[in-house]
Amino acid sequence: MPLREALVVDDDPENRGALAQLLEAHGYTVRQAENGRIALAMIAEHAPGILLLDLEMPVLGGWEVLASLQRTSTLQAIRVVVVSGRAPSGVSFMRKPFEVNELLGMLGPASPA
């Protein structure tokens with residue numbers, strides 16, 4: 001699970017695209033998912049180092065994604081940043097709209113690509 005690989009999960013295509021572009025501009029390899037069900041399938045196939053996760057989505061929301069990852073212990077190996085209007089406990093949280101420097105600071109120091 002290289003830290004420079006990220007999965008952006010948001011049902012809003014504009015938010016998802018903006019986050020992906022930002023991360024790619026800073027050297028991350030980014031995959032995108034429009035809901036939690038797709039995200040969990042992608043994580044099962046290849047877990048990212050970083051997960052940017054919206055909470056309120058149709059099909060399967062972020063809360064359910066977090067619960068599923070906790071049940072499988074996968075969550076321990078992924079740095080999760082919740083990008084939402086609600087603040088959960090136990091994970092990094094960034095309120096929408098977000099500041100670029102705030103997001104990059106939450107992701108931690110960049111490792112060599």
Side-chain angles (χ1 to χ4, degrees):
M1 262 177 280
L3 186 60
R4 301 299 287 181
E5 293 182 5
L7 175 58
V8 176
V9 187
D10 196 315
D11 61 316
D12 184 311
E14 289 181 20
N15 288 343
R16 202 171 53 242
L19 284 167
Q21 283 183 336
L22 170 69
L23 293 174
E24 287 168 348
H26 284 85
Y28 289 86
T29 300
V30 181
R31 296 182 299 158
Q32 301 179 43
E34 64 192 48
N35 63 57
R37 183 174 297 149
I38 294 170
L40 287 175
M42 292 173 81
I43 291 168
E45 183 179 303
H46 180 77
I50 295 171
L51 174 64
L52 274 65
L53 180 65
D54 186 19
L55 293 178
E56 311 247 346
M57 296 179 287
V59 182
L60 190 68
W63 293 110
E64 291 84 4
V65 170
L66 289 171
S68 178
L69 293 175
Q70 285 176 326
R71 284 191 299 273
T72 63
S73 300
T74 305
L75 186 60
Q76 296 171 6
I78 300 173
R79 182 177 290 167
V80 178
V81 176
V82 172
V83 183
S84 183
R86 291 178 145 193
S89 61
V91 295
S92 298
F93 172 76
M94 186 175 51
R95 188 172 300 279
K96 289 181 186 177
F98 59 89
E99 295 292 326
V100 171
N101 290 333
E102 179 186 8
L103 170 62
L104 294 174
M106 289 180 131
L107 299 181
S111 60

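None of these values were measured; they are calculated from a predicted model. Side chains are part of it too, since the values below use all heavy atoms of this structure and drop only hydrogens, waters and symmetry mates. If you read the sequence from its start, that first residue is 1, and numbering goes on from there.
Residues Val65 and Leu53 have side chains in contact (heavy-atom distance under 4.5 Å, counting atoms from C-beta outward). At least one side-chain heavy atom of Val8 sits under 4.5 Å from a side-chain heavy atom of Leu23.
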Q | Audit row: Ile43, Leu69, side chain to side chain contact (heavy atoms under 4.5 Å, CB included) steps and yes/no | A | CA-CA 9 Å; Ile43 291 168; Leu69 293 175; 4.0 Å; yes
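Minimum heavy-atom separation, Asp10 to Arg16: O-NH1, 2.6 Å. Of all non-hydrogen atoms in Ala20 and Gln32, the two that sit nearest each other are CB-NE2, 3.4 Å. Residues Met57 and Gly36 share a closest heavy-atom pair of CE-N, 3.9 Å.
Between atom CG of residue Leu66 and atom CZ of residue Arg71 there is a gap of 10.5 Å, rounded to the nearest 0.5 Å. In this structure, NE2 on His46 lies 6.0 Å from CZ on Arg31, to the nearest 0.5 angstrom.
In this structure, the side-chain hydrogen bond (donor to acceptor under 3.5 Å, both in side chains) partners of Thr72, at least two apart in sequence or on a different chain, are Thr74. For Ala33, the side-chain contact (heavy atoms from CB on, under 4.5 Å) criterion is met by Leu7, Val9, Ile38, Ala39, Met42, not counting sequence neighbours. The side-chain contact (heavy atoms from CB on, under 4.5 Å) test applied to Arg37 returns Asn35, Val59, Leu60, not counting sequence neighbours.
Not a single donor-acceptor pair under 3.5 Å links the side chain of Gln21 to the backbone N or O of Ala18.
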